[in-house]
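Here the structure is laid out as structure tokens; the discussion comes afterwards.
Sequence lines set the chain letters: A, B, ... in the order given, protein chains first and strands last, and positions in each chain run from 1.
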Amino acid sequence: AQTVTQSQPEMSVQEAETVTLSCTYDTSESDYYLFWYKQPPSRQMILVIRQEAYKQQNATENRFSVNFQKAAKSFSLKISDSQLGDAAMYFCAYRSITNAGKSTFGDGTTLTVKP
Amino acid sequence: ETGVTQSPTHLIKTRGQQVTLRCSSQSGHNTVSWYQQALGQGPQFIFQYYREEENGRGNFPPRFSGLQFPNYSSELNVNALELDDSALYLCASSRLQGSNTEAFFGQGTRLTVV
């Protein structure tokens, strides 16, 4: 069974600064997907960024980028130029390539953005 | 907006009662997955429905059951409610397989058991 671990329950960043959220995972599969989701107080789970394990290039999406280290089973999220609207709970998630609907989530990191 | 809607948004039930939560899937999706998210934790996979059949189940007791309808919408039923069932229940719709399929989440139903 796959597991996802987020070791930082809370993180804080100054507006316009950069913050990195950590995630490690465990799997015996060679192909899979990894995701970062944002969950604001509105509760909607919003996809931030996605990484395919077979791609060596790290995914980027505007101010969001990942550092994917497959051998180390590490998948961190970097948020550049942090904005007040980035404040939310962030979840790292793992998904097998064979089932789009079943994901394994970490316990989340609460990100606070200070003005 | 993802096109996945859940109802109701909030619900209060008494211990021992039964509850039904509903989820409409996004157009073009044939799979609905249900998750339980306890306060301060990540979502935990309950089960998934594909073509009206259960297609995988997490570590949840049989009193958690579901249905999927021909239009791919889904219900989650919980019998004999316990206090620990208080949580946010999320559904996600997707296509079962495919390299570019994505799961889209609804806004959740907040269930409180008293």
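- Looking at A/Ile46, neither its backbone nor its side chain comes within 4.5 Å of chain B, counting heavy atoms on both sides.
- For a residue to count as touching a neighbouring chain, one of its non-hydrogen atoms must lie under 4.5 Å from one of that chain's; by this rule B/Gln6 does not touch chain A.
- If you check the side chains of B/Gln36 and B/Tyr89, you find a donor sitting under 3.5 Å from an acceptor.
- Of the possible donor and acceptor atoms, none in the side chain of B/Gln48 sits under 3.5 Å from a partner among the backbone N and O of B/Thr31.
- Side chain of A/Gln51 to backbone of A/Ala59: a donor-acceptor contact under 3.5 angstrom is found.
- Between A/Phe105 and the options A/Tyr90, A/Tyr37, A/Phe35, a ring-ring contact (aromatic ring centres under 6.0 Å, His included) holds for only A/Tyr37.
- If you check the side chains of B/Tyr72 and B/Ser93, you find no donor sitting under 3.5 Å from an acceptor.
- Note: B/Thr109 OG1 to B/Leu88 CG = 7.5 Å, rounded to the nearest 0.5 Å.
- B/Ala103 and B/Ala92 make their closest contact through CB-CB, 4.3 Å (heavy atoms, listed as atom of the first residue, atom of the second, distance).
- For chain A, the option among B/Gly108, B/Gly58, B/Pro43 with the highest count of heavy-atom pairs below 4.5 Å is B/Pro43.
- The interface of residues 106-115 of chain A with chain B, defined by heavy-atom distances below 4.5 Å, comprises A/Gly106, A/Asp107.
- At a 4.5 Å heavy-atom cutoff, the contact between A/Gln39 and chain B is made by side-chain atoms alone.
- Remark: side-chain polar atoms of A/Arg43 are paired, donor with acceptor, to backbone N or O of B/Gln107 under 3.5 angstrom.
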